Protein chains: 2
Amino acid sequence: MGAEPGCPFGGLHRIAVNSDNVRPTTVTDLDLAPFLSRNPLHVSVTVTSVHDPSHREALWELEDAFERGDLISVFGRCTVSYEGRAASDLGAGDRLLVLKPDGAALVHTDEGRQPVNWQPPGSEHHAAIREGRLRVRSTRSNPDETLTVQFSDVHQLSAMAVTGGRDLTLHGSEEDLRTRILDRPDLVEPGFEPKETERPSSAGPMDVFGVDADGTPVVVELKRRRVGPDAVGQLARYVRALREELGIEEGSDDDSGADRNETAPAIRGILVAPSVTDRAAERLADRGFGHVALDPTPAE
Amino acid sequence: MGAEPGCPFGGLHRIAVNSDNVRPTTVTDLDLAPFLSRNPLHVSVTVTSVHDPSHREALWELEDAFERGDLISVFGRCTVSYEGRAASDLGAGDRLLVLKPDGAALVHTDEGRQPVNWQPPGSEHHAAIREGRLRVRSTRSNPDETLTVQFSDVHQLSAMAVTGGRDLTLHGSEEDLRTRILDRPDLVEPGFEPKETERPSSAGPMDVFGVDADGTPVVVELKRRRVGPDAVGQLARYVRALREELGIEEGSDDDSGADRNETAPAIRGILVAPSVTDRAAERLADRGFGHVALDPTPAE
DNA sequence: TGCTCTATATCGATC
DNA sequence: GATCGATGTAGAGCA
């Protein structure tokens with residue numbers, strides 16, 4: 001690249017000064033805009049970036065990025081307020097605001113996997129300058145919710161045109177567990193025969209419905225990980241619904257397990273999960289349900 | 001600010017050229033490092049930013065930012081793989097990687113509130129150059145999990161030292177609902193008297209325990225929003241546990257509601273929530289429980 | 001650490 | 001749009 005005498009990089013690149021904070025912005029495109037241009041730094045075809053922009057600059061860049069459908073990242077000092085299903089306020093601090101073209105908005109601090117405030121996809125982003133601050137507002141309806149981020153300082157704003165590559169392949173989900181059991185029903189118990197998946201009932205669809213070696217109906221509930229009492233309740237609802245549907249007399253529902261064998265429920269329930277908590281095990285025993293320890297994917 | 005003849009901004013600011021992609025990097029600090037320095041753009045005391053850096057530059061900046069405990073944002077083209085409780089792979093594409101000093105890592109595409117891949121806080125970030133790509137790896141134990149992001153191109157890397165402002169005040173939570181009920185027990189029903197919150201039981205702590213106008217024990221389950229059948233099951237567990245604990249004969253647990261009044265349970269259950277689903281309403285009726293429609297915060 | 005439960009949960013399928 | 005169940009749920013509180 002060519003360098004002029006006394007200013008080695010004065011040729012292709014421009015340096016603009018923000019009047020309010022006297023910081024440089026470098027522009028690498030080739031157009032010869034006026035010297036004190038506020039144009040942003042275009043570092044490549046896909047990324048736009050400005051450093052310590054004035055609110056006005058930041059506003060322009062945001063609106064352009066909205067227009068382009070860019071993925072946007074803003075570092076800055078801001079306050080955040082949310083009002084909707086709940087309401088929250090967050091005092092001034094340095095944070096990262098991420099704005100997505102699908103309407104999602106995320107406010108991240110330096111801690112936590114979860115954003116401290118957010119707005120789900122489908123929201124609408126708007127930017128404006130109000131009372132000397134850059135205000136970014138994201139709103140949605142049903143439910144009506146508003147997220148407002150007010151920047152006193154924008155340290156860094158970047159926007160990238162994102163293309164493709166959204167095809168995540170995930171292994172080890174509950175679906176893998178179902179596949180595994182349908183492939184090898186004996187993993188549930190010898191003689192188990194799956195008849196139907198997602199079989200409808202008044203309590204909702206059950207994961208796997210089948211019969212055991214004796215021909216007794218079996219409801220199987222699948223969980224990809226260690227489960228608590230709620231999963232037992234879910235299985236119980238399916239079993240109860242099926243009993244009602246088939247007009248089968250209910251087994252005793254109390255804790256007098258002495259005559260469990262005599263009053264064995266005409267429909268069995270089996271919970272398939274890697275493991276269960278103590279409380280869940282108790283409830284399984286109360287209900288007369290079985291537990292099969294099984295992972296979504298085979299151990300190595 | 002002073003401008004030298006022929007190069008108006010050659011004084012305080014340096015422009016460095018990356019040998020591999022011939023793009024400028026501006027440095028605004030005042031130290032007089034060698035001309036072709038690879039130093040990043042320090043736009044303020046708190047933010048570091050580099051544009052289209054070489055992998056080596058990006059690596060240096062990442063390691064410095066890790067050292068400083070910065071909040072980091074990286075735009076670039078990358079592949080992502082995860083292995084742990086489950087496993088996943090994601091092909092090449094433009095994404096945003098956020099690295100937090102508490103160990104959290106987030107990979108965001110242009111869609112969704114949720115990161116496409118992530119690592120929770122407590123993980124350890126490591127960066128390296130492998131096979132011509134910049135590899136950022138985040139690992140944790142218990143469970144053992146690894147997230148690997150491999151950049152073929154880094155478009156933009158920013159890091160910010162984040163300070164303070166983590167005190168979120170949230171209103172409209174279940175705690176608000178509890179406060180509201182303790183303040184005005186008549187909102188549950190006239191004559192209701194709260195006795196205890198978080199009262200322990202073998203099924204876990206119940207939200208509110210009290211007595212009604214007749215002195216009958218009442219278990220109150222609170223939900224801040226519309227609820228499904230799971231909440232009824234939860235309430236039922238508390239009521240059952242309390243019956244057992246107090247040695248009270250169980251009310252009938254089936255659907256023969258004809259003699260509901262005669263065998264009325266000696267312990268009542270009330271679900272307080274803005275509304276309930278149809279299925280939940282059925283189960284409430286089955287169990288003989290009540291429902292009180294109430295919001296966490298009063299309607300305007 | 002393990003267990004239980006909440007969440008502005010989010011997300012997808014299904015009706 | 002409402003409902004229901006899965007999630008690599010995350011996160012908090014407590015034993």
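Source: prediction; values computed, not measured. Lettering of chains follows the sequences in order, A, B, ..., and the numbering in each one begins at 1.
- Between the CE atom of M206(B) and the P atom of dT4(C) there is a distance of 15 Å, given to the nearest Å.
- Atoms CG (D295(B)) and C1' (dT8(C)) sit 14 Å apart, rounded to a whole Å.
- A cation-pi geometry, defined here as NZ or CZ lying under 6.0 Å from the six-membered ring centre and within 45° of its normal, holds between R199(A) and F209(A).
- At the phosphate of dA7(C), neither OP1 nor OP2 sits under 4.0 Å from any side-chain N or O atom of Y82(A).
- Using atom C1' as the reference point in both dA7(C) and dA6(D), the two lie 15 Å apart (nearest Å).
- Between Q119(A) atom CD and dT8(C) atom P the separation is 13 Å, expressed in whole Å.
- Separating the CG atom of D230(B) from the C1' atom of dG5(D) is a distance of 10 Å, rounded to the nearest angstrom.
- Under 4.0 angstrom from either OP1 or OP2 of dT9(D) there lies at least one side-chain N or O belonging to R224(A).
- Rounded to a whole angstrom, the distance from the C1' atom of dT10(C) to that of dT6(C) is 14 Å.
- Although no hydrogens or angles enter the test, the distance criterion places no donor-acceptor pair under 3.5 Å between the side chain of H171(A) and the main chain of A86(B).
- Toward the 5′ end of DNA chain D lies the nearest nucleotide of P205(A), the other residue of the pair L147(B) and P205(A) mapping further downstream.
- When each of G172(B) and T277(A) is assigned the nucleotide of DNA chain C with its nearest heavy atom, T277(A) is the one assigned upstream, toward the 5' end.
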**Q.** Audit row: E245(A), R243(A), salt bridge (charged side-chain N to carboxylate O under 4.0 Å, His left out) steps and yes/no
**A.** CA-CA 5 Å; E245(A) 181 187 323; R243(A) 280 178 182 150; over 6 Å; no

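- Taking the C1' atom of each, dT9(D) and dG5(D) are spaced 13 Å apart, rounded to whole Å.
- Residue-level contact check: A231(B) touches neither bases nor backbone, having no heavy atom under 4.0 Å from any strand.
- With K195(A) as reference, V211(A) is the one residue of V208(A), V211(A), V218(A) to meet the side chain to side chain contact (heavy atoms under 4.5 Å, CB included) rule.
- Straight-line distance from the NZ atom of K100(B) to the C1' atom of dG11(D): 13 Å, rounded to whole Å.
- Annotation: dG11(D) and dC11(C) have their P atoms spaced 15 Å apart (nearest Å).
- At a threshold of 4.0 angstrom between heavy atoms, the contacts of S88(B) with the nucleic acid are absent.
- With respect to R178(B) and E198(B), a salt bridge is recorded, a charged nitrogen being found less than 4.0 Å from a carboxylate O.
- Residue Y238(A) has a polar side-chain atom (N or O) positioned under 4.0 Å from OP1 or OP2 of dG5(D).
- The distance from atom CG of L168(B) to atom C1' of dT8(C) is 10 Å, rounded to the nearest whole Å.
- We find the CG-OG distance between L147(A) and S81(A) to be 7.0 Å, quoted to the nearest 0.5 Å.
- We find that CD of Q234(B) is positioned 13 Å from C1' of dA7(C), with the value rounded to whole Å.
- Residue R178(A) is out of contact with every strand shown, counting any heavy-atom pair closer than 4.0 Å.
- Note: CZ (R283(B)) to P (dC4(D)) measures 12 Å, nearest angstrom.
- Exactly one residue among H125(B), H126(B), Q119(B) makes a side-chain hydrogen bond (donor to acceptor under 3.5 Å, both in side chains) with S138(B). That residue is H125(B).
- Residue pairs satisfying the salt bridge (charged side-chain N to carboxylate O under 4.0 Å, His left out) criterion with at least one member in residues 108-127 of chain B, sequence neighbours excluded, are listed as follows: R166(A)-D110(B), R166(A)-E111(B).
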Q.
Within the 4.0 Å limit for protein heavy atoms, which parts of nucleotides 10-15 of chain C are touched? Write it as a string from 5' to 3', B for base, S for sugar-phosphate only, - for none.
A. SS----

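- In this structure, CD1 on I72(A) lies 8.5 Å from CG on L97(A), to the nearest 0.5 angstrom.
- At the heavy-atom level, N142(B) lies under 4.0 Å from the strands shown only through sugar-phosphate atoms.
- Distance from the side chain of R237(B) is smallest to dC5(C) among dG8(D), dA6(D), dC5(C).
- Note on E111(A): nothing from the nucleic acid sits closer than 4.0 angstrom, heavy atoms only.
- Residue-level contact check: A104(A) touches neither bases nor backbone, having no heavy atom under 4.0 Å from any strand.
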